[in-house]
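Indexing begins at 1, ligand by ligand and atom by atom, following the structure's order.
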Amino acid sequence: MTDQAIATLQQALRGRVIGPSDADYDTARALYNGMIDKRPRLIARCVDAADVMTAVNFGRDQDLLVAIRGGGHNGPGLGSCDDGLVIDLSGMKGVRVDPASRTVRVEAGCTSGDVDHATHPFGLAVPFGIVSTTGVAGLTLGGGTGYLTRKYGLTIDNLLEADVVLADGRFVTASKDQEPELFWALRGGGGNFGVVTSFLFQAHPVGMVYAGPIFWEATHARAVMRAYRDFLPTAPEELGLFVGLKTVPAVDPFPKDYWGKRACALIGSYNGPAAEGEKQVGRLLEGLPAPAFNWMGAMPFPAMQALFDVFFPKGLQWYWKGDFVKSLPDEAIDTHIAQAAKAPSQLSLTHLYPIDGAVRRVAADATAWSARGATWSMVIAGIDSDPSKADALKAWGRAYWKAIHPFNMEGGYVNFMMDDEAEGRVQATYGDNYRRLAAVKALYDPKNLFRVNQNIAPAVLATR
Ligand SMILES: Cc1cc2nc3c(=O)[nH]c(=O)nc-3n(C[C@H](O)[C@H](O)[C@H](O)COP(=O)(O)OP(=O)(O)OC[C@H]3O[C@@H](n4cnc5c(N)ncnc54)[C@H](O)[C@@H]3O)c2cc1C
């Protein structure tokens with residue numbers, strides 16, 4: 001790649017091209033996960049679809065490895081690459097709410113907080129994840145789970161349309177009526193099929209919620225997890241409530257007596273009147289030991305979405321393992337408790353996010369996401385600020401996963417995986433949908449230009 005070629009790219013883009021000699025190169029290449037340190041050859045900061053088309057054509061014609069960056073939150077840093085081109089969409093932040101149709105057009109650089117900010121004044125929200133700094137693009141293309149999932153489905157179940165730049169540089173709109181196979185694959189198949197420049201989502205009435213965390217000391221974890229497991233199928237879908245094994249943060253406003261103690265937590269949001277939310281959660285609390293603290297209360301939905309942001313600033317070390325979980329027998333609960341107790345840091349955690357309710361009402365072959373029979377999406381995350389702990393975080397996550405995986409389904413959520421999964425794990429995740437995904441990939445990206453992701457090999461290549 002010549003300097004002349006780079007200069008031509010810069011001239012053609014409205015956004016900036018950043019390379020290793022630029023003063024802000026290190027800031028521009030930094031990812032959310034401090035464990036990942038990738039050094040791209042070029043970062044193309046796109047500002048619109050035209051920039052993205054130019055960047056895709058450039059990457060392909062220059063035979064560069066191409067990575068696509070939305071929010072940059074991905075665990076293994078699949079929003080970047082070494083020695084290639086990063087198509088960086090983080091500056092594309094437009095959000096337009098149409099209150100009449102309750103739809104929201106979201107550009108691909110938005111975080112979920114950006115969208116919540118725009119929709120809340122209209123009394124609306126789109127189902128996204130539980131930390132507001134997460135990128136909408138990667139989260140959506142992998143599936144998307146959060147507090148509104150039980151009632152309104154995965155983020156992809158609320159996706160109406162996506163604008164996409166394909167590997168050959170063409171711009172298309174995918175929806176159920178246009179490029180329907182592409183639209184099917186985008187809903188769960190990750191960044192395999194092209195660069196999405198904007199999404200059109202269905203939003204829902206969400207304003208004030210009854211939400212927050214309830215913590216018990218770890219000695220009560222078995223009772224809490226069993227009660228939660230039995231309660232979930234009886235809980236109204238308006239209640240998105242997950243269970244976690246964690247440590248009480250040693251900071252205000254947490255009660256000093258509990259600082260640094262291992263804990264079991266229920267964290268959730270009820271979309272409806274606070275009194276009704278309290279009543280429903282009260283049913284679960286009956287018969288359980290008194291919690292260390294119960295901070296559920298009425299708050300605006302975006303406040304709940306951002307509640308944990310402060311604990312997870314950019315640059316921490318993260319090691320991720322995920323699985324889909326159908327049922328939670330007592331033995332699995334005991335295994336969780338035993339493994340979680342060995343956590344190597346205060347921030348390390350296990351969460352089980354419910355994906356029952358509306359998720360199950362969609363057929364397994366209606367979108368690329370096939371785990372429609374699961375009850376939870378499990379994540380084990382080893383987290384710490386100290387880079388010297390990286391090996392300990394990895395060792396803990398791997399040993400924990402090995403112990404708990406026999407109780408779980410074969411596949412896991414692609415957005416909760418690193419890039420060190422066993423061969424066949426991505427196939428197992430997509431199950432019967434994998435063959436169709438490989439065929440769509442062959443149609444839209446036959447040379448696998450977009451391979452910095454949980455990769456789906458094009459069918460033609462796969463059979464060679
Ligand atoms: C603190 C934290 C909390 C999280 N909580 C949740 C949660 O509650 N629910 C949940 O579902 N997930 C959650 N996640 C996981 C999250 O979904 C993934 O990390 C996801 O990859 C983030 O998307 P991104 O755009 O920020 O990532 P990036 O790193 O920018 O990209 C991730 C992947 O998506 C692809 N991609 C990104 N943008 C595009 C695009 N425009 N077009 C095509 N491909 C693209 C990239 O190629 C890459 O493979 C969380 C992650 C973190 C770090």
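Contact check on Asp82 versus Lys38 returns no salt bridge, with no Lys/Arg side-chain nitrogen under 4.0 Å from an Asp/Glu carboxylate oxygen. Between Lys93 and Glu107 there is no salt bridge, since none of the side-chain N atoms of the basic residue sits less than 4.0 Å from a carboxylate O of the acidic one. In summary, Glu161 and Lys176 do not engage in a salt bridge, as defined by a charged side-chain N under 4.0 Å from a carboxylate O.
At under 3.5 Å, not a single nitrogen or oxygen of Val195, backbone or side chain, sits near a nitrogen or oxygen of ligand 1.
Contact of the Arg45 side chain with the Val17 side chain is not registered, since no non-hydrogen atoms from C-beta on lie closer than 4.5 Å. Inter-residue side-chain proximity for Val359 and Arg150 is flagged as unmet; no heavy-atom pair is nearer than 4.5 Å. Counting only heavy atoms from C-beta outward, the side chains of Leu232 and Asp356 approach each other to under 4.5 Å.
The protein heavy-atom contact nearest to atom 40 (C) of ligand 1 is Ile68 CG2, 3.6 Å.
When heavy-atom distances to ligand 1 are checked against a 4.0 Å cut-off, Thr133 has no atom that comes that close, whether in backbone or side chain. With a 4.0 Å heavy-atom cut-off, ligand 1 is reached by the backbone of Asn415 and by its side chain too. Residue-level proximity to ligand 1 for Leu89 is carried by the side chain, the only part with a heavy atom below 4.0 angstrom. At a heavy-atom distance under 4.0 Å, only side-chain atoms of Trp320, from C-beta outward, approach ligand 1. Residue-level proximity to ligand 1 for Trp318 is carried by the side chain, the only part with a heavy atom below 4.0 angstrom.
Within the 4.0 Å heavy-atom shell around ligand 1 one finds Gly72. Not a single heavy atom of Phe308 sits closer than 4.0 Å to an atom of ligand 1. Taking 4.0 Å as the cut-off, Phe450 does not count as a neighbour of ligand 1 on heavy-atom distance. Note on ligand 1: Ser377 sits outside its first shell, no heavy atom being nearer than 4.0 Å. Within the 4.0 Å heavy-atom cutoff, Ala67 does not count among the residues contacting ligand 1. Under the 4.0 angstrom criterion for non-hydrogen atoms, Tyr32 is in contact with ligand 1.
Side-chain rings of Phe201 and Phe128 approach one another, their centers coming within less than 6.0 Å. For Tyr353 and Phe242, the ring centers sit closer than 6.0 Å to each other.
Of all atoms in ligand 1, listed by their number and element, those nearer than 4.0 Å to a heavy atom of Asn453 are 49 (O).
Annotation: cation-pi geometry satisfied between Arg436 and Trp184 (NZ/CZ under 6.0 angstrom from ring centroid, within 45° of ring axis).
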